[in-house]
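Only heavy atoms go into these numbers, but all of them, side chains included; no hydrogens, no water, no symmetry mates.
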Amino acid sequence: LKLVRDPSPTVLLSFFSMKDPTLGGNGNDRIALRRAIQMAIDDSEYIRVLESGDAAVREQVVPPGIEGHIDGYRSPNAFNPAAANALLDRFGYQRGRDGYRRMPDGSALVVTSLIGTSSTARKGAEFTKRMMDRIGVRTEFESAPGAERLKRMSNCRFGMATMDWGLDIPDGTNPMAMFYSKAIGAANMSCYVDPEFDGAYEKALVTPPGPARLELFRTMQSRLDAYAPMRPRPVGDTLLLKRGQLLGPYGTVSDWLQLVSLAPGP
């Protein structure tokens with residue numbers, strides 16, 4: 001037997017609702033707040049604390065090994081608490097005497113986060129609070145069962161929330177559907193609307209693989225990084241034990257969790 005390790009064809013994202021009164025909208029101050037929160041997340045600590053050291057940093061929506069993944073792409077919103085604090089200072093989120101920031105108009109700044117009810121969800125909330133405290137953003141957490149949480153996310157009734165996505169087909173347009181404006185009410189859980197993103201997405205659906213299609217994915221990813229409706233979180237690799245005489249395993253299109261191995265002979 002030998003150990004096979006491959007990047008998992010899954011996506012784990014922290015979403016911001018573009019309809020939330022504190023986090024939503026495309027004003028420069030709201031974009032700055034979302035990007036600052038993204039830059040406050042320490043992926044290395046996330047992997048150590050929540051993934052037992054067994055995960056890989058993701059800097060784009062499309063997973064490695066999937067058509068549409070951009071080799072060497074680096075997120076401009078990667079962990080950088082100094083830049084996050086400077087961004088908040090620049091756009092008027094001033095700290096009060098208690099160390100927490102206020103909205104540019106002087107009102108209280110409180111970011112709400114929708115989480116699950118498991119012990120893992122609570123552990124994730126503790127991690128998020130530490131990250132947010134680092135930049136002076138007060139966070140309140142609301143627990144909800146899985147079905148209720150999914151219903152609220154499908155209708156963008158949250159501030160921040162985290163959700164995973166297993167690819168239905170091995171193509172980058174599948175996870176990118178989460179930001180297509182015509183998917184609001186279903187897959188688009190941030191209610192993100194961007195005509196330029198939509199145009200690139202629709203072209204990618206009918207463009208064959210190659211450099212031109214990859215540029216469409218670069219446009220989509222760059223738009224997401226600029227407006228910051230989401231942040232990729234680290235994802236653990238797929239680990240399997242396989243006998244030496246077997247070919248595969250290969251993931252099937254019809255069932256994300258179904259694996260097929262082929263024996264070339266006795």
Novice: Looking only at non-hydrogen atoms, find the nearest pair between Leu23 and Arg34 and report the distance.
Specialist: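 For Leu23 versus Arg34, the nearest heavy atoms are O-NH1, 2.6 Å.
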Novice: If Ile, Leu, Val, Met, Phe, Trp and Tyr residues are connected whenever their side-chain heavy atoms lie under 4.5 Å apart, and connections chain through other members, are Tyr180 and Val11 in the same group?
Specialist: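 Hydrophobic grouping puts Tyr180 with Val11.
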Novice: Is there a side-chain contact between Ser14 and Arg233 (heavy atoms, below 4.5 Å)?
Specialist: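 A side-chain contact under 4.5 Å exists here.
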Novice: Can Asp89 and Arg101 be counted as an ion pair, charged N to O under 4.0 angstrom?
Specialist: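 Arg101 and Asp89: salt-bridged.
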Novice: Counting C-beta onward and ignoring hydrogens, is there a side-chain heavy-atom pair between Tyr73 and Asp225 closer than 4.5 Å?
Specialist: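 Yes, close enough: below the 4.5 Å cut-off.
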Novice: So, do Met178 and Met230 sit near enough that their side-chain heavy atoms are less than 4.5 Å apart?
Specialist: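 Answer no - side chains too far apart.
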Novice: With the side chain counted from C-beta on, respond yes when Val61 and Trp165 share a heavy-atom pair under 4.5 Å apart, and no when they do not.
Specialist: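 Answer no - side chains too far apart.
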Novice: Output yes when Arg48 and Asp42 qualify as a salt bridge under the 4.0 Å nitrogen-oxygen rule, no when they do not.
Specialist: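 Judged by the 4.0 Å cut-off on N to carboxylate O distance, Arg48 and Asp42 do not form a salt bridge.
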Novice: So, for Val62 and Gly68, which heavy atoms are closest and what is the spacing to 0.1 Å?
Specialist: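 Answer, listing the atom of Val62 first, then Gly68: CG1-C, 3.7 Å.
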Novice: What are the two closest heavy atoms between Leu109 and Arg138, and how far apart are they?
Specialist: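 That would be O-CB, 3.7 Å.
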Novice: Got Tyr100 and Asp133 here, is their nearest side-chain heavy-atom distance under 4.5 Å?
Specialist: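 Result yes, sub-4.5 Å side-chain heavy-atom pair found.
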Novice: Would a single hydrophobic cluster contain both Leu13 and Leu167, if residues Ile, Leu, Val, Met, Phe, Trp and Tyr are joined by side-chain heavy-atom contacts under 4.5 Å?
Specialist: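 Yes, Leu167 connects to Leu13 through the hydrophobic network.
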Novice: Looking at every non-hydrogen atom in both residues, tell me the closest pair between Leu114 and Met153 and how far apart they are.
Specialist: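 Where Leu114 meets Met153 most closely, the heavy atoms are CD2-CG, 4.2 Å.
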Novice: Before accepting this row, confirm whether a basic side-chain N of the pair Asp20/Arg30 lies closer than 4.0 Å to the acidic partner's carboxylate O.
Specialist: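 Looking at Arg30 together with Asp20, the answer is no, because their closest N to O distance does not fall below 4.0 Å.
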Novice: Test Asp171 against Thr173 for side chain to side chain donor-acceptor pair (under 3.5 Å), laying out the working first.
Specialist: CA-CA 6 Å; Asp171 188 85; Thr173 55; 2.7 Å; yes
Novice: Side chains of Lys203 and Glu215, heavy atoms from C-beta outward: is any pair under 4.5 Å?
Specialist: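 Result no, sub-4.5 Å side-chain heavy-atom pair not found.
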Novice: Considering all heavy atoms of both residues, which atom of Asn26 and which atom of Tyr227 are nearest to each other, and what is their separation?
Specialist: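 Heavy atoms of Asn26 and Tyr227 come nearest at OD1-CD2, 3.5 Å.
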Novice: Tell me if the CZ atom of Arg90 is crowded by more than 12 foreign heavy atoms within 6.0 Å.
Specialist: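 Atom CZ in Arg90 is not packed in, count stays at 12 or less.
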Novice: Is a donor from one side chain sitting under 3.5 angstrom from an acceptor on the other, for Ser181 and Asp198?
Specialist: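 A donor-acceptor contact under 3.5 Å links the two side chains.
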Novice: With heavy-atom distances below 4.5 Å as the criterion, would you say the side chains of Asp43 and Phe79 are in contact?
Specialist: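 No; the side chains remain at least 4.5 Å from each other.
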Novice: How about Leu224 and Pro229: do any of their side-chain heavy atoms sit closer than 4.5 Å?
Specialist: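 A side-chain contact exists here, since the closest heavy-atom pair is under 4.5 Å.
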Novice: After noting the C-alpha distance and the side-chain angles of Asp105 and Ser107, does the key distance pass the side chain to side chain donor-acceptor pair (under 3.5 Å) rule?
Specialist: CA-CA 6 Å; Asp105 63 4; Ser107 61; 2.6 Å; yes
Novice: Can you tell me which residue pairs pass the disulfide (SG to SG under 2.5 Å) test with a partner in residues 168-200, sequence neighbours excluded?
Specialist: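 Qualifying pairs: Cys156-Cys191.
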Novice: Within 45° of the axis and under 6.0 Å from the centre of the six-membered ring of Phe197, does NZ or CZ of Arg223 qualify?
Specialist: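 Cation-pi check for Arg223 and Phe197: fails.
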Novice: Testing the basics here: between Ala84 and Ala40, what is the closest heavy-atom pair and its distance to 0.1 Å?
Specialist: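 Smallest interatomic distance, heavy atoms only, reads CB-N, 4.5 Å.
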Novice: Does this structure show an ion pair linking Glu126 with Lys129, if we count only N-O contacts that are shorter than 4.0 Å?
Specialist: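 Looking at Glu126 and Lys129, the cut-off is not met.
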